[in-house]
Novice: 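Please see the structure below; I have some questions.
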Amino acid sequence: MTSALWTHLVKDLRIEWRSREAINSMLFFALLVVVLFSLAFDPRGAFAQQIAGGVLSVATMFASVSALNQAWAREIRHQVLDAQRMAPTAGSQMFLAKVLANFLFVSIVQVLLAPAFLVFYNLHIQGNAWLLLLVLPLGTWALVANGTFFAALSIRSRNRELLLPLILFPIFMPALLAMVLATGSILTGDGDPSLWIKMLAGYDTIFTTVSLLLFDVVLNAE
Amino acid sequence: MKKLAIGLYAVITIALMVWGFYQAFYAAPVDALQGEYYRIIFYHVPSATVAFLFFAVSLAGSIGFLAYRRNHPARAQAADAWALAGAEVGVIFCTVVLITGPIWGRRAWNMWWTWDARLTTTLILWLIYVSYLLLRRFVAGPQMQTLAAVLGIFGAIDVPIVYMSNRWWRTQHPAPVFGGDSSSGMAWPMVAVLLWNMLAWFMWGVLILVLRYQVERKQQKVAAQEVQEALNAGSGEKARYEFEERRKKPVIALLFAIPTVLLAWSCYLVLSGPPQPYFGWQSQMSAADHDRILAVLGHKFTVAAFAVTWAIQLGYLAWLGMKWRAENRHDPQNQRRIR
């Protein structure tokens with residue numbers, strides 16, 4: 001049952017290990033967004049603390065969209081996706097494997113980006129720093145689970161690279177809001193982020209469940 | 001008989017709209033705190049209710065399509081048409097909400113927009129359904145309906161989050177008028193007016209919804225016929241009708257003039273201040289009545305909100321009419337009749 005999931009996961013990780021395409025491009029793109037935001041908003045002092053959470057979330061969001069498009073475009077080449085549709089396993093396993101792999105990639109990017117972020121924005125965390133270990137993975141999961149699903153959906157359209165952000169961002173917005181407000185309140189130390197963490201957890205549960213249930217429909221849409 | 005029933009329904013709807021307009025604009029008492037501009041609520045709240053209701057129709061259509069697409073292709077097509085009609089008409093009503101809201105807010109809060117939870121989430125909801133409509137344009141072929149149904153379900157899951165957000169999040173939007181805490185509620189005459197307008201807008205919405213549904217069904221039929229024609233490889237008559245359509249377009253485009261004028265007028269009102277209406281019939285009215293009408297009419301925010309609402313609704317109706325005519329011209333049945 002889980003062997004198909006494992007096979008897909010190992011395959012995706014191996015491809016990434018050999019090419020390092022996704023992580024490298026995401027990392028550089030996210031770095032660019034962070035630098036661009038610093039130039040645009042000139043963050044200093046308390047203001048930097050306030051906007052840092054939002055910049056981190058938005059940088060991750062933009063960066064991961066490019067990688068998520070590639071994740072499925074790779075499967076389209078040589079009709080690999082058609083072959084996988086004929087395989088006698090549930091499509092949701094392939095989906096979950098892709099989500100896990102991309103979740104890992106985006107998390108690595110966030111970990112690598114964190115030092116640059118702390119330096120550029122002169123951050124010193126005033127709330128409970130360990131809560132970030134809860135907020136960032138939850139937010140990233142929301143982004144990657146929905147992103148992988150909608151990338152598979154938009155890969156069928158004529159202009160696939162364009163469609164993914166158009167349908168992903170509106171659905172992702174509540175989670176983005178929760179992620180930004182939670183990281184903001186942890187960084188500045190005012191307010192209680194627990195409500196937002198709960199909301200992120202609820203969002204993740206709901207949308208991951210629905211994605212798993214509907215993935216076969218998207219995969220086999222004719 | 002069917003035509004008579006539809007006509008009767010339309011007449012009752014229009015009568016109700018007129019009655020609701022009279023009630024909202026004139027008969028409802030002045031609000032103790034807000035004065036005249038609170039009347040925007042009579043268009044704002046019913047539009048929001050109808051929008052949410054139609055997003056639910058869209059969800060039902062999406063689920064129906066996914067459930068029937070294997071076993072009952074005909075039913076699935078109808079469900080898909082309901083899903084599209086619900087989403088599109090819902091977006092129209094949601095647009096009305098998003099425009100009348102800021103007009104009220106400009107007067108009540110002294111700002112057009114605030115990034116408060118309910119406003120933000122209504123905007124997000126609007127964005128989600130616009131992206132649903134975009135997806136329907138971008139994806140080609142029969143898989144479009146399946147993918148759209150999936151996105152429709154995702155969009156609908158966001159609706160309860162939007163609804164609950166009003167209570168979860170600290171918010172600047174007025175607390176729920178009904179079913180809130182003990183200080184919520186409205187005086188009965190106002191509730192009656194709100195209910196009249198609710199009914200009128202609901203009936204109007206259903207009328208538009210059914211029209212949109214019929215247009216989509218017609219389009220599905222024409223598409224199916226075109227596939228059949230392509231299979232038969234007989235398309236000698238086509239060029240003539242396409243030419244005819246092109247010739248008639250300028251006349252139909254005139255229909256857009258009315259909503260455009262209304263929209264321009266309301267923009268003018270917002271930018272330049274209230275108009276100074278001249279009442280030639282003022283001798284027949286009591287002085288108090290006259291002052292009241294001036295107070296309401298002179299309130300540019302109320303007038304602008306009502307005018308924008310009507311501009312959007314009538315503009316959409318005109319666009320639907322155009323689409324209906326275009327589809328009818330493509331319909332092979334009608335072509336045979338013309339021939």
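Letters go in sequence order (proteins before strands), and every chain restarts at 1.
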Novice: Which residues pass the side-chain hydrogen bond (donor to acceptor under 3.5 Å, both in side chains) test with B:Thr100, sequence neighbours left out?
Specialist: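 B:His44.
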Novice: Of all heavy-atom pairs between B:Ile124 and A:Pro170, which one has the smallest distance, and what is that distance?
Specialist: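 In terms of heavy atoms, the two residues are closest at CG2-O, 3.3 Å.
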Novice: Does B:Tyr68 OH have over 12 foreign heavy atoms under 6.0 Å away?
Specialist: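 Incorrect, the count does not exceed 12.
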Novice: Side chain to side chain contact (heavy atoms under 4.5 Å, CB included) between B:Leu151 and A:Phe150: does it pass, once the steps are laid out?
Specialist: CA-CA 9 Å; B:Leu151 186 62; A:Phe150 287 121; 3.3 Å; yes
Novice: Tell me which donor-acceptor pairs under 3.5 Å the side chains of residues 136-148 of chain B have, and how far apart each pair is, sequence neighbours excluded?
Specialist:
from     : atom 1 : to       : atom 2 : distance (Å)
B:Arg136 : NH1    : B:Asp80  : OD1    : 3.3
B:Arg136 : NH1    : B:Tyr132 : OH     : 3.1
B:Arg136 : NH2    : B:Asp80  : OD2    : 2.9
B:Gln143 : OE1    : A:Arg156 : NH1    : 2.6
B:Gln143 : NE2    : A:Arg156 : O      : 3.4
B:Gln145 : OE1    : B:Gln77  : NE2    : 3.2
B:Gln145 : NE2    : B:Gln77  : OE1    : 3.1
B:Gln145 : NE2    : B:Asp80  : OD2    : 3.0

Novice: Would you say the side chain of A:Ile167 lies within less than 4.5 Å of the side chain of B:Ile128, judging by non-hydrogen atoms?
Specialist: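 When only atoms from C-beta onward are counted, A:Ile167 and B:Ile128 do not touch, as no gap falls below 4.5 Å.
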Novice: Atom CG in A:Leu163, atom CG in B:Leu134: separation rounded to 0.5 Å?
Specialist: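 Reported value, rounded in 0.5 Å steps: 8.0 Å.
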Novice: Does atom CH2 of A:Trp6 have more than 12 heavy-atom neighbours, drawn from other residues, nucleotides or ligands, at distances under 6.0 Å?
Specialist: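 Not buried by this count: 12 neighbours or fewer within 6.0 Å.
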Novice: Just wondering, more than 12 heavy atoms not from A:Phe62 lying within 6.0 Å of its CZ?
Specialist: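 No, the 6.0 Å shell around CZ holds no more than 12 heavy atoms from other groups.
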Novice: Of the listed residues (A:Leu162, A:Leu166, A:Leu153), which shares the most heavy-atom pairs with chain B below a 4.5 Å separation?
Specialist: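 With the most close heavy-atom pairs to chain B, the winner is A:Leu153.
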Novice: Examine whether an atom of A:Phe149 lies under 4.5 Å from a heavy atom of chain B, and if so say whether it belongs to the side chain, the backbone or both; otherwise answer neither.
Specialist: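 Just its side chain gets close to chain B.
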Novice: So, for B:Arg70 and A:Asn220, which heavy atoms are closest and what is the spacing to 0.1 Å?
Specialist: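 Reported closest heavy-atom pair: NH2-O, 4.5 Å.
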Novice: Which residues in residues 208-217 of chain A have any heavy atom closer than 4.5 Å to a heavy atom of chain B?
Specialist: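 Listed by number: A:Val210, A:Ser211, A:Leu214, A:Val217.
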Novice: What's the spacing between A:Leu168 CG and B:Ser131 OG if we round to 0.5 Å?
Specialist: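 The distance works out to 10.0 Å.
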Novice: Residues two or more places apart in sequence or in another chain: which of them pass salt bridge (Lys or Arg N to Asp or Glu O under 4.0 Å) with A:Glu75?
Specialist: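 Partners of A:Glu75 under the salt bridge (Lys or Arg N to Asp or Glu O under 4.0 Å) test: A:Lys11, A:Lys98.
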Novice: Select one option (side chain, backbone, both, neither) describing which atoms of B:Leu123 are under 4.5 Å from chain A's heavy atoms.
Specialist: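 Nothing of B:Leu123, per the 4.5 Å heavy-atom cut-off to chain A.
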